[in-house]
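To start, the structure itself, in structure tokens.
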Amino acid sequence: MADETKKSVVVVGAGVIGASIAFELQRRGLQVTLIDKGEPGRGTSFGNMASIALDFAAGSGPSTWKKIPGWLLDPEGPVWLRPSYAAKMLPWFLRFLAAGRPSRLRAIEDAGMSLSHRALGDFKEMLSAIGAPELMTEEGCLAIYETEAEFTADRAHLAMMQRYGLEFEVLSNGAIQYYEPALSPAIAKAVLLPDNKSIRDPYRLVVKLTDAALAAGAAFVSGGVRNIERRGDGTSVILLEDGRRIEAGSVVLAAGVHTRFLAAKLGEPIPLETERGYHTQIMKPGISMRYSVIWPHRAFMVTPTAGGIRVGGNVELAGLDAAPDFRRPRVLVRHAQRALPGLKVEEATEWMGHRPALPDTIPIMSPSSKMPGVFYATGHGHLGLTLSATTALVIADMVTGAKPSVDLTPFRIDRY
């Protein structure tokens with residue numbers, strides 16, 4: 001195999017994870033081709049909540065198990081399961097429950113926090129490298145609690161943050177409005193998370209990353225990937241749906257939930273599901289906000305981003321093909337107006353996207369267990385934006401043969 005082919009890498013998926021990886025690999029002197037069916041940043045990364053969330057939380061666990069029945073029965077609760085999809089979700093859900101065993105939970109938290117601890121620093125360095133440090137805000141995030149009971153119910157999460165040394169400050173009454181005057185005086189408690197920054201426009205971030213990679217010599221190809229083959233000389237051959245073939249020394253699969261289809265063709269199926277998330281982007285909200293706001297009890301966020309205020313979050317379990325149910329984001333807006341009484345909904349758009357979710361909450365960042373030269377970067381769930389820069393460094397280390405600075409054992413593809 002020619003040296004030129006050995007140094008070439010195809011990255012499949014041009015969301016924030018794929019674009020970050022493409023930029024980092026090109027920066028290290030490899031020849032990168034970024035492939036996506038659509039435009040960079042127009043998929044799930046377009047509509048995320050623009051949050052750098054360092055307070056990693058495992059999805060499963062005894063406290064979550066107690067809440068699930070109530071969530072599923074509440075038409076305005078934070079988790080919605082379409083009855084028609086329940087049977088398909090069962091294998092994933094059983095793995096989700098297994099991941100919450102106390103003996104497993106601490107290991108998952110350790111793994112998640114091993115990434116979160118370095119995420120902010122890695123992100124700032126990435127922004128500096130693409131010449132866009134202004135995309136990150138200086139302000140942090142406020143977690144709000146309408147009642148003392150809500151605050152008490154979240155004590156385990158606060159204890160976890162304390163255990164891992166994350167900085168936070170508990171606020172009461174007037175101190176809450178000092179930080180964010182738009183919040184209702186009825187909010188009983190808030191927790192200031194000073195290091196949970198926001199991105200001023202997540203779509204613009206992906207565009208900047210892609211442009212920086214292209215300016216350094218990378219290429220972008222529009223098309224869907226049908227399969228990957230490995231020739232006897234070690235070359236990877238990427239087969240596109242339209243019949244085109246691209247040869248490369250290495251392949252990185254970073255196509256979000258769609259990665260599962262290629263993984264299955266390579267003989268290593270992964271339990272990757274979609275947690276459908278919704279947002280409402282309000283361009284004339286009638287208020288201004290400095291901080292992003294998260295309401296843990298109702299599992300949604302409000303973030304000043306993309307030139308307006310974005311309300312989004314929650315989880316819908318309905319697969320890839322079901323039509324969006326835009327009653328969901330309207331519920332979130334009503335909750336947001338309870339916390340932010342002055343919030344108006346003018347010049348608003350609604351959106352739905354597919355978070356790639358694994359049952360144990362932590363991503364797959366791993367070489368293939370079946371095909372040499374293939375690497376995975378998927379399953380980041382709610383933390384794709386947060387962990388994008390760190391994932392790019394880890395995958396670039398794998399591809400180039402450098403020693404990663406993080407223990408990657410918990411993130412291997414064959415852990416299931």
Side-chain angles (χ1 to χ4, degrees), residues 9 11 16-18 20-21 23-25 27-28 30 52-61 95-96 98-126 157 159-167 195-196 250-254 256 259 263 266 268 270-272 356-416:
V9 185
V11 178
V16 70
I17 296 291
S20 300
I21 292 169
F23 170 71
E24 181 61 28
L25 287 170
R27 187 159 70 141
R28 295 197 190 188
L30 280 73
I52 307 298
L54 305 184
D55 52 324
F56 171 85
S60 188
R95 281 178 160 147
F96 174 80
R101 299 190 311 270
S103 59
R104 179 85 179 100
L105 201 54
R106 179 58 68 89
I108 289 172
E109 290 176 346
D110 286 346
M113 287 306 305
S114 73
L115 303 177
S116 287
H117 270 311
R118 54 176 292 179
L120 183 59
D122 291 343
F123 211 111
K124 287 180 176 180
E125 196 281 329
M126 181 176 75
H157 182 58
M160 186 277 290
M161 289 195 292
Q162 194 166 37
R163 185 166 67 247
Y164 288 102
L166 293 175
E167 186 179 349
D195 291 330
N196 280 23
S250 303
V251 183
V252 179
L253 301 180
T259 305
L266 297 183
E268 44 194 346
I270 49 180
L272 195 57
L358 291 159
D360 58 3
T361 319
I362 53 176
I364 291 171
M365 299 186 298
S366 170
S368 168
S369 63
K370 300 291 185 180
M371 183 177 288
V374 173
F375 303 85
Y376 290 90
T378 190
H380 293 74
H382 296 248
L383 298 178
L385 179 66
T386 300
L387 300 179
S388 55
T390 301
T391 298
L393 296 172
V394 164
I395 295 297
D397 285 343
M398 286 187 199
V399 172
T400 60
K403 183 179 179 181
S405 57
V406 174
D407 178 12
L408 297 179
T409 305
F411 311 107
R412 67 190 188 280
I413 191 169
D414 57 354
R415 67 183 187 256
Y416 295 100

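Note: hydrogens, waters and symmetry copies are ignored here, and every other heavy atom, side chains too, is used.
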* **Smallest separation among heavy atoms of T378 and P356, with atom names** => OG1-CB, 4.2 Å
* E167 atom CD, over 12 foreign heavy atoms within 6.0 Å -> no
* To do: Give, for atom CG of D414 and atom CD1 of I270, the distance between the pair rounded to the nearest 0.5 Å.
  => 11.5 Å
* Asked: Between Y376 and L266, is a side chain to side chain contact (heavy atoms under 4.5 Å, CB included) present by the stated rule, with each step listed?
  -> CA-CA 12 Å; Y376 290 90; L266 297 183; 3.5 Å; yes
* Indicate the atoms forming the closest heavy-atom contact of I17 with A254, along with that distance. => CG2-CB, 4.0 Å
* Distance, nearest 0.5 Å, that separates CZ of F123 from OG1 of T386 -> 7.5 Å
* So do the side chains of E268 and M371 get within less than 4.5 Å of each other, counting heavy atoms only? -> no
* Inter-residue atom distance I364.CD1 - L408.CG, 0.5 Å rounding -> 12.5 Å
* To do: Considering non-hydrogen atoms only, spot the tightest contact between M126 and S20 and give its length.
  => SD-OG, 3.6 Å
* Would you check if D360 and R95 make a side-chain contact, meaning some heavy-atom pair closer than 4.5 Å? => no
* Return the minimal non-hydrogen interatomic distance between T361 and S60, and the atom names on each side. => OG1-N, 4.4 Å
* Is there a donor-acceptor pair under 3.5 Å between the side chain of R104 and the backbone N or O of R101? -> no
* To do: Report the C-alpha distance between S405 and R118 in whole Å, list the side-chain angles of each, state the deciding distance to 0.1 Å, and finish with yes or no for side-chain hydrogen bond (donor to acceptor under 3.5 Å, both in side chains).
  => CA-CA 10 Å; S405 57; R118 54 176 292 179; 2.3 Å; yes
* Beyond-backbone contact of R415 with I362, side-chain heavy atoms, under 4.5 angstrom -> yes
* Asked: Taking the side chain as C-beta and beyond, is there a heavy-atom pair between Y416 and P359 under 4.5 Å?
  -> yes
* Within the distance-only criterion (no hydrogens, no angle test), does the side chain of R28 pair as donor or acceptor with the backbone N or O of L25 below 3.5 angstrom? -> no
* Beyond-backbone contact of P363 with T391, side-chain heavy atoms, under 4.5 angstrom -> no
* Does the pair R163/D110 count as a salt bridge with the N-to-O cut at 4.0 Å? -> no
* Sub-3.5 Å donor-acceptor pair from the side chain of S366 to the main-chain atoms of F411, do we have one? -> no
* Between D195 and L166, is a side chain to side chain contact (heavy atoms under 4.5 Å, CB included) present by the stated rule, with each step listed? -> CA-CA 8 Å; D195 291 330; L166 293 175; over 6 Å; no
* **Straight-line distance of T390 OG1 to L120 CG, nearest 0.5 Å** => 9.5 Å
* Do F56 and L115 have side chains that get closer than 4.5 Å, going by heavy atoms? -> no
* Without swapping roles, check the side chain of N196 against the backbone of L54 for a donor-acceptor pair under 3.5 Å. => yes
* Structure fact -> Heavy atoms of I21 and A377 approach each other most closely as CD1-CB, 3.7 Å
* To do: First locate atom CD of E125, then atom CD of E24, and finally report the distance between them rounded to the nearest 0.5 Å.
  => 7.0 Å
* Asked: Looking only at atom types and distance, does a side-chain atom of S116 sit under 3.5 Å from a main-chain N or O of M113, one as donor and one as acceptor?
  -> no
* Shortest non-hydrogen contact from Y164 to R106? -> OH-CD, 3.6 Å
* Please round to the nearest 0.5 Å and tell me the distance separating atom CE of M398 and atom OG of S250. => 12.0 Å
* To do: Look only at the side chain of E109 and the backbone of M160, and say whether a donor-acceptor pair between them is shorter than 3.5 Å.
  => no
